[in-house]
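Because the structure is predicted, anything quoted here is derived from the model rather than measured. Quick note: numbers below take in every heavy atom, side chains included, and nothing from hydrogens, waters or symmetry partners. Residue numbers run from 1 in the order of the sequence given.
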Amino acid sequence: MRNKIVKRIAALLSVAVMCVSVVACGGGSEKAGADTLTEEEYEAKAEELGNSLNTAMTDAASIDPNDVEAAKEFIEGLKAPFIEFGALNAPAKYADAHAKFKSGCDAMVEYLDICVQAMDTGEVDMEKMTSLLTTIETDFTEGANMIE
């Protein structure tokens with residue numbers, strides 16, 4: 001049962017990470033704090049986020065689907081870039097797009113929390129997870145479109 005849950009969560013996580021990789025084309029990433037980033041810094045952070053998510057996808061492929069603890073550790077580690085991304089203080093040019101990205105990041109963190117909880121309990125709220133994935137995809141796509 002747990003193996004099936006881990007595989008299902010890995011598949012859904014792959015979809016979510018692919019949606020988020022849209023950000024690498026132009027908008028936002030990781031620096032927390034009150035300082036507003038310049039447009040160039042913001043764009044560089046966006047590229048860093050995209051690169052870290054691509055690396056995470058490669059790393060995810062090496063996780064044994066029977067190793068629930070390794071999968072949970074991987075998922076917990078994935079939350080940091082999204083939390084940091086949401087904490088960015090974007091330049092005015094990217095403010096509206098960043099609001100969409102932040103909403104997508106918040107949904108992604110909640111999604112990842114549900115993944116870990118599902119691994120612990122064996123129960124999956126597919127309706128909630130599907131709703132979060134829709135939010136993630138929509139918000140990141142809309143944010144990316146605002147930047148282009």
Side-chain angles (χ1 to χ4, degrees), residues 1-35 37 41-90 94-147:
M1 175 73 170
R2 283 183 171 233
N3 188 25
K4 185 176 181 181
I5 290 170
V6 171
K7 286 181 181 180
R8 180 178 288 167
I9 290 171
L12 291 172
L13 185 59
S14 295
V15 171
V17 171
M18 285 187 290
C19 294
V20 174
S21 67
V22 169
V23 176
C25 295
S29 176
E30 60 182 73
K31 182 176 166 185
D35 295 332
L37 297 176
E41 290 170 329
Y42 190 80
E43 291 165 2
K45 293 296 185 181
E47 189 171 334
E48 286 177 28
L49 177 65
N51 290 339
S52 71
L53 294 176
N54 287 332
T55 299
M57 286 304 300
T58 302
D59 294 346
S62 67
I63 296 174
D64 179 355
N66 297 311
D67 189 348
V68 175
E69 291 305 313
K72 285 177 11 182
E73 183 178 321
F74 171 77
I75 290 170
E76 286 292 341
L78 263 181
K79 292 190 315 186
F82 295 102
I83 292 168
E84 292 171 2
F85 176 92
L88 275 176
N89 194 357
Y94 297 130
D96 291 339
H98 185 71
K100 283 292 188 181
F101 293 146
K102 181 175 180 354
S103 175
C105 285
D106 292 344
M108 179 60 96
V109 170
E110 185 177 355
Y111 175 85
L112 295 171
D113 285 339
I114 290 171
C115 290
V116 171
Q117 180 182 9
M119 289 180 187
D120 287 338
T121 66
E123 298 174 18
V124 179
D125 183 348
M126 290 305 295
E127 186 175 322
K128 179 67 173 175
M129 292 178 85
T130 301
S131 172
L132 288 168
L133 284 174
T134 300
T135 299
I136 294 163
E137 180 179 15
T138 301
D139 288 350
F140 277 96
T141 300
E142 289 177 6
N145 288 338
M146 290 175 175
I147 288 175

Nearest non-hydrogen partners of Ile136 and Ala107, listed with the distance: CG1-CB, 3.7 Å
Is the closest side-chain heavy-atom distance between Met146 and Tyr94 below 4.5 Å? no
Closest heavy-atom pair, Gly86 versus Cys105, reported as atoms and distance to 0.1 Å, is N-SG, 4.2 Å
Begin from the C-alpha positions of Lys100 and Asn145 and carry the test side chain to side chain contact (heavy atoms under 4.5 Å, CB included) through to its verdict. CA-CA 10 Å; Lys100 283 292 188 181; Asn145 288 338; over 6 Å; no
Tell me if a side-chain donor or acceptor on Thr58 pairs with a main-chain N or O of Asn54 at a distance below 3.5 Å. yes
Tell me the closest heavy-atom pair linking Leu37 and Lys45, and the distance in Å. CD1-CG, 4.2 Å
Please check: side-chain N/O of Thr135 versus main-chain N/O of Ser131, any donor-acceptor pairing under 3.5 Å? yes
Partner residues of Lys79 under the side chain to side chain contact (heavy atoms under 4.5 Å, CB included) criterion, sequence neighbours left out: Glu76, Ile83, Val109, Leu112, Asp113
dist Lys102:NZ -> Met108:CE (nearest 0.5 Å) comes out at 14.5 Å
Closest non-hydrogen atom pair between Ala56 and Phe74, with its separation: O-CZ, 3.3 Å
Is the closest side-chain heavy-atom distance between Cys115 and Met129 below 4.5 Å? yes
Among Asp139, Asp96, Ile147, the one residue meeting side chain to side chain contact (heavy atoms under 4.5 Å, CB included) with Phe101: Ile147
Stepwise salt bridge (Lys or Arg N to Asp or Glu O under 4.0 Å) check, Lys128 with Glu110: CA-CA 10 Å; Lys128 179 67 173 175; Glu110 185 177 355; 3.1 Å; yes
I need the minimum non-hydrogen distance between Ile63 and Asp67, along with the two atoms involved. CG2-O, 4.5 Å
Describe, in one word, how the ring planes of Phe140 and Phe82 are oriented to each other, choosing from parallel (under 30°), tilted (30 to 60°) and perpendicular (over 60°). perpendicular
Is any side-chain heavy atom of Leu53 closer than 4.5 Å to one of Leu78? yes
Look at the side chain of Thr55 and the backbone N and O of Asn51, then say whether any donor-acceptor pair between them is shorter than 3.5 Å. yes
Can you tell me if Thr130 uses its side chain to pair, donor with acceptor, with the backbone of Glu127 under 3.5 Å? no
